[in-house]
Visitor: 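Please find one structure pasted underneath; my questions will follow.
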Amino acid sequence: NPVAAAHAVTERTLTTLQTFLTDDRLTTTRLLVLTHHAVATTSRQPIDLTTAPVWGLVRSAQTEHPGRIHLIDHDHNDHTTTATTLPQAAATARHHDEPHTALRHGTLLTPRLTPHTTQPAPQHRAEDAQPRAWNPDGTVLITGGLTGIGALLAHHLATNHHIRHLHLIGRRGHHTPGADTLIHQLTQAGAHVTVTATDITNPHAVQNLITSIPPDHPLTAVIHAAGITHDTPLHTLTPTHHLHPVLAPKIDGATHLHHHTRHHDLAAFILFSSISGLLGGAAQANYAAANTFHDALAHHRHTQNLPATSLAWGLWAHTSTLTAGLTSVDQARIRRTGLRPLTADQALALFDAAAFGDAGLPLVVPTGLTSTAEAPPPLLRGVVRQARRAARGAASAGSSPTARLTGLTPEERSAALLDLVRTEVATVLSHPDPHTIPPDRPLIELGLDSLTAVELRNRLTTTTHLRLPATLTFDHPTPEGI
């Protein structure tokens, strides 16, 4: 059972990472996580769906604990060959600051994104209103189609692409807040709308859902937009409350949809993934793991000559159930990574390019780095070289913390270190003036949460070149305590 296996492998990897990262005896040790065909480097390469989520999980762990973990996917079946090539591969990757790589036929491969420019799709005329290769009499199934981005997409398909038969899935069906208004809008646009409350994690429910679609309007496209988040740092992430509930809508739901539609003549099978699966996201190891499964499943379908597109979305400016809880501090933290939110028009243009355009992209990454991005991830080095050069230049111009503290009296040294801590606290909390932050006030009272605590620890680690524990702000809750 690939679904159960994917859950089990991800949980075992989580337990291993937590054990390693919380063991004080291993603070100077790097962990090598080894997978076998969990990622694909060619279009026809088979992929192991059960281990694919490990890559998203580990990428997020690397984000929270920079420099502690390396990830290599290999293609060797010979253990002797693996034992001789892996140490050299790991050393090479570490030397070039590549946290995740693939070893293929003795060659170390590093992932990179390349830019793709998409112009907004023109308005369709009446004579060519139907999307290319989509059956005009067919049914488009959208999971998560009653709220947030799914509802926005349903409206877009009905109004811009004249889709006439929409089947929208939500956990609460017609009882979903706003469902009646959405149905009315779609009906006014000329669409016939069917709404069902289906548990997509249940294979029998998905089978019944697919067989319920009338043959007069056969299933022509599947858009799997359903998903949930439950953000928490890696060391507090529990399998029961945080991991499996987030994996289920993505891994279980996508697998059941794949299995029960694979004999249908689909024009499109579109999975909503996330940039977190590619870059890793602090406190999003569970969500990242779920989305790398989506990316892997899309590739798996390609190897079976089935349509598939995995859209690794960045942050939408449009509020959804996944982003409704973001505060101004959260928004500022995301901006510091260099990722900019997508307007609805930009996002829908990217969707059109993937679903209806000629780009033929197996994966669309609708994100952009601004020129002020701080330490962009290695995956983005091909698209943010100028930002990286500026960052390196600024770093080389400054002196090390040790050099700045040399020659100071103990009192001056304490004051300088407090200024450093308050400066970083002000950055992560978007505080206007670090000098007004009370040194003895608990950081939690200033707005520090689990996400900003991870960022603060990492920024202080980078600045001081010290290996600081994940529990830094818990053990030392005030600026002067740190």
Visitor: Is any side-chain heavy atom of I72 closer than 4.5 Å to a side-chain heavy atom of L86?
Guide: yes

Visitor: Using every non-hydrogen atom in the two residues, find where A289 and L247 come nearest and quote the distance to one decimal.
Guide: CB-CD2, 4.0 Å

Visitor: Where is the tightest heavy-atom contact between N458 and P66, given as atom of each residue plus distance?
Guide: OD1-CD, 3.3 Å

Visitor: Are any side-chain N or O atoms of R104 and backbone N or O atoms of D73, one a donor and one an acceptor, separated by less than 3.5 Å?
Guide: yes

Visitor: Check whether R44 reaches the backbone of T303 with its side chain - one donor and one acceptor, N or O, closer than 3.5 Å.
Guide: yes

Visitor: Does the N291 side chain pair with the main chain of G277, one donor and one acceptor, at a distance under 3.5 Å?
Guide: no

Visitor: Quick one: closest heavy-atom pair of H258 and R301, and the distance?
Guide: ND1-NH1, 3.0 Å

Visitor: Work out which heavy atom in A89 is nearest to a heavy atom in L103; give both atom names and the distance.
Guide: CB-CD1, 4.1 Å

Visitor: Verify, without hydrogens or angle tests, whether D23 (side chain) and T19 (backbone) share a donor-acceptor contact under 3.5 angstrom.
Guide: no

Visitor: For a quick test of your reading: what N or O donor-acceptor pairs under 3.5 Å do the side chains of residues 470-482 make, sequence neighbours left out?
Guide:
from	atom 1	to	atom 2	distance (Å)
T471	OG1	D475	OD2	2.7
T478	OG1	G481	N	3.0

Visitor: Are any side-chain N or O atoms of R30 and backbone N or O atoms of G67, one a donor and one an acceptor, separated by less than 3.5 Å?
Guide: yes

Visitor: Should H37 and I47 count as side-chain neighbours, where that means a heavy-atom distance under 4.5 Å?
Guide: no

Visitor: Run the side-chain hydrogen bond (donor to acceptor under 3.5 Å, both in side chains) test on W55 and T35 for me, step by step, so that the C-alpha distance in whole Å, both residues' side-chain angles and the decisive distance to 0.1 Å come before the verdict.
Guide: CA-CA 9 Å; W55 270 62; T35 59; 3.0 Å; yes

Visitor: Could you tell me if the side chain of L278 sits less than 4.5 Å from the side chain of R59, heavy atoms only?
Guide: yes

Visitor: Could you check whether any side-chain heavy atom of T309 comes within less than 4.5 Å of a side-chain heavy atom of F269, counting everything from C-beta outward?
Guide: no

Visitor: We want to know whether Q284 and T229 form a side-chain donor-acceptor pair, criterion being a heavy-atom distance below 3.5 angstrom.
Guide: no

Visitor: Working note: D48 + T51, criterion side-chain hydrogen bond (donor to acceptor under 3.5 Å, both in side chains); need CA distance, chi angles, decisive distance, verdict.
Guide: CA-CA 6 Å; D48 182 4; T51 57; 3.2 Å; yes

Visitor: Suppose we call two aromatic rings close when their centres sit under 6.0 Å apart. Are H74 and H36 close by that rule?
Guide: yes

Visitor: Using modelled atom types and a 3.5 Å cut-off, is there a donor and acceptor pairing between side-chain atoms of Q45 and backbone atoms of T41?
Guide: yes

Visitor: Between A282 and T63, what is the shortest heavy-atom contact and its length?
Guide: N-CG2, 3.8 Å

Visitor: Mark yes or no for whether H70, through its side chain, and L31, through its backbone, hold a donor-acceptor pair below 3.5 Å.
Guide: no

Visitor: With a 4.5 Å cut-off on side-chain heavy atoms, are S310 and L297 touching?
Guide: no

Visitor: For a side chain to side chain contact (heavy atoms under 4.5 Å, CB included) with I200, tell me which candidate from H256, R171, H224 qualifies.
Guide: H224

Visitor: Near Q88 CD, under 6.0 Å, is it more than 12 heavy atoms from other residues, nucleotides or ligands?
Guide: no

Visitor: Let's go through T343 and D345 carefully: what are the C-alpha distance in whole Å and the side-chain angles of both, what is the deciding distance for side-chain hydrogen bond (donor to acceptor under 3.5 Å, both in side chains) to 0.1 Å, and is it a yes or a no?
Guide: CA-CA 5 Å; T343 67; D345 288 342; 5.5 Å; no

Visitor: Treating N286 as the side-chain partner and H242 as the backbone partner, does any N or O pair qualify as donor plus acceptor under 3.5 Å?
Guide: yes

Visitor: Compare all side-chain heavy atoms of I437 with those of L446 and state whether any distance is below 4.5 angstrom.
Guide: yes

Visitor: If we only count heavy atoms from C-beta on, is the H300 to P46 side-chain gap below 4.5 Å?
Guide: no

Visitor: Considering all heavy atoms of both residues, which atom of K250 and which atom of F293 are nearest to each other, and what is their separation?
Guide: O-CD2, 4.4 Å

Visitor: So, the side chain of H156 versus the backbone of L152: is there a donor-acceptor pair under 3.5 Å, distance only?
Guide: no

Visitor: Quick one: which residue pairs count as a ring-ring contact (aromatic ring centres under 6.0 Å, His included) with a foot in residues 5-32, not counting sequence neighbours?
Guide: H7-H244

Visitor: Is there side-chain contact between L311 and L271, with heavy atoms separated by less than 4.5 Å?
Guide: no

Visitor: Under a 4.0 Å N-O cut-off, is there an ion pair linking R112 with E98?
Guide: yes

Visitor: Quiz question: by atom type and distance under 3.5 Å, do the side chains of T452 and D449 form a donor-acceptor pair?
Guide: yes

Visitor: Is the backbone N or O of A426 less than 3.5 Å from a side-chain atom of S430, with the two atoms forming a donor-acceptor pair by type?
Guide: no

Visitor: Tell me if the CD1 atom of I444 is crowded by more than 12 foreign heavy atoms within 6.0 Å.
Guide: no

